[in-house]
Amino acid sequence: MAKTILITGATAGFGEAMARRFARKGNRLIICGRRSQRLQDLAKSLSDADEVHCMAFDVRERDAVQKAFDALPADYSPIDILINNAGLALGREHLGAGHLDDWDTMIDTNVKGLLYVTRFALPFLRKAAQPHILNIGSIAGTEVYPGGNVYCASKHAVDALSRAMRQEFLPEGIAVSQIRPGLAETEFSLVRFKGDARKAAQVYAGMEALSAEDVADAAEFVLSRPAHVCINDLEITPRAQANAFLIHRDQDDA
Ligand code: NDP
Ligand code: 8X3
């Protein structure tokens with residue numbers, strides 16, 4: 001049966017791939033991101049979806065998040081599935097050389113943004129028969145690596161919040177899952193290196209990274225289990241990656 005699925009960060013990468021995949025299954029989608037034109041273009045291309053509603057807001061702006069939910073058309077309630085995917089890394093500097101604005105942006109987006117969206121989505125999730133929250137964490141949420149410091153801390157917070165949500169929402173029957181991907185080739189590194197395409201390409205040199213489709217595939221698996229089953233935590237890496245810092249690269253291409 002068609003479900004109503006809200007996806008944050010749907011304008012690129014994993015979020016866009018998940019929107020395309022869940023649209024193909026005939027679901028009703030609420031797609032979110034800051035880049036409004038990208039949302040509109042994506043919505044137009046999701047012809048298989050039952051219906052698509054665009055919500056353009058910055059997850060860091062609490063009032064904007066609340067307004068977007070206040071304006072949600074009645075057809076989109078209840079929300080069966082919330083996918084907290086919006087997020088970013090900025091920089092690879094060690095702490096001593098880190099940019100304080102970057103730290104604020106990562107913490108405000110990855111931690112506080114996820115909290116705001118979850119809090120305002122809850123009343124709509126509570127009306128669903130089998131509500132499910134899927135948080136996109138990272139292997140950086142259980143490991144750290146030099147230069148990862150604040151990004152890793154923000155994803156450790158996503159891990160902690162996923163576990164806290166699973167405990168606290170248990171009596172209400174809200175399932176909570178987390179997917180923790182390793183290296184995946186999306187706009188992520190271009191954002192991290194502030195538009196430096198050469199540095200971004202180096203991240204994936206000499207190895208086959210995950211694609212956004214691979215992560216969407218994992219999300220579909222997690223969200224399509226029988227109702228009594230919850231995949232709590234799913235770590236997915238490329239075959240060439242053992243952990244956050246051990247990556248096997250083909251030396252000819254690296
Ligand atoms: P992309 O850069 O391709 O996509 C990020 C998405 O997040 C965009 O749609 C962007 O939309 C949205 N976003 C960023 N900041 C905000 C904001 N302040 N308000 C609203 N939306 C925002 O990256 P990925 O698809 O790779 O990343 C998705 C998630 O997966 C992130 O949480 C990331 O940390 C995580 N992740 C990524 C990995 C990777 O290697 N790629 C590995 C593990 C986890 P817009 O700019 O339009 O607002
Ligand atoms: C993104 C994966 O290894 O770049 O979350 O931190 S990593």
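Both ligands and their constituent atoms are indexed starting at 1 by order of listing.
Phe22 does not carry Arg24 over the face of its six-membered ring by the limits of under 6.0 Å from the centre and within 45° of the normal. Relative to the ring axis of Tyr151, Lys155 does not place its NZ or CZ within 45° and under 6.0 Å from the centre.
Those atoms of ligand 1 that come under 4.0 Å of a heavy atom in Asp58, given as number and element, are 17 (C), 18 (N), 19 (N). Interface atoms of ligand 1 facing Ala10, defined by a heavy-atom separation under 4.0 Å, are 9 (O). For ligand 1, the atoms lying closer than 4.0 Å to a non-hydrogen atom of Ala12 are 3 (O), 4 (O), 9 (O). Taking a cut-off of under 4.0 Å to the non-hydrogen atoms of Pro181, the atoms of ligand 1 that pass are 42 (C), 43 (C), 44 (C). Every atom of ligand 1 is numbered from 1 in the order shown, and the set under 4.0 Å from a heavy atom of Glu187 is 2 (O), 3 (O). Heavy-atom contacts of Thr109 reach the following atoms of ligand 1: 15 (N), 16 (C), 18 (N) (cutoff under 4.0 Å).
Shortest contact from atom 14 (C) of ligand 1 to any protein heavy atom: Arg34 NH2, 3.5 Å. Phe14 CZ, 3.7 Å is the protein heavy atom nearest to atom 38 (C) of ligand 1. Of all protein heavy atoms, the one lying nearest to atom 6 (O) of ligand 2 is Tyr145 OH, 2.6 Å.
Below 3.5 Å of separation, one finds an N or O of Gly9 facing an N or O of ligand 1. Considering backbone and side-chain atoms together, Val59 places an N or O closer than 3.5 Å to an N or O of ligand 1. Inclusion of Thr11 in the set of residues having an N or O under 3.5 Å from an N or O of ligand 1 is warranted. Considering both main-chain and side-chain atoms, Ile136 never comes within under 3.5 Å of ligand 1 through any nitrogen or oxygen pair. Here's the thing with Thr186: one of its N/O atoms is less than 3.5 angstrom from an N/O atom of ligand 1. Between Val191 and ligand 1, a contact under 3.5 Å exists for no N or O pair.
No heavy atom of Ala17 sits closer than 4.0 Å to any atom of ligand 1. Between Arg180 and ligand 1 there is no heavy-atom distance shorter than 4.0 Å. Heavy atoms of Gly113 stay at 4.0 angstrom or farther from ligand 1. Contact annotation: Ser189 has no heavy atom less than 4.0 Å from any atom of ligand 1.
Judged as a salt bridge (charged side-chain N to carboxylate O under 4.0 Å, His left out), the pairs with a partner in residues 201-220 (not counting sequence neighbours) are, in order, Arg21-Glu213, Arg21-Asp217, Arg21-Glu220, Lys25-Glu220.
Within a 6.0 Å sphere centred on CG of Asp101, heavy atoms belonging to other residues, nucleotides or ligands number 12 at most.
Using a 3.5 Å distance cut-off with no hydrogens or angles, the side chains of Asn135 and Gln178 do not pair a donor with an acceptor.
In this structure, the side chains of Ile83 and Leu6 stay at 4.5 Å or more apart for every pair of heavy atoms.
With a 4.0 Å cut-off on non-hydrogen atoms, Arg38 does not touch ligand 1 at all. When heavy-atom distances to ligand 2 are checked against a 4.0 Å cut-off, Lys155 has no atom that comes that close, whether in backbone or side chain. Heavy atoms from both the backbone and the side chain of Asn85 come within less than 4.0 Å of ligand 1.
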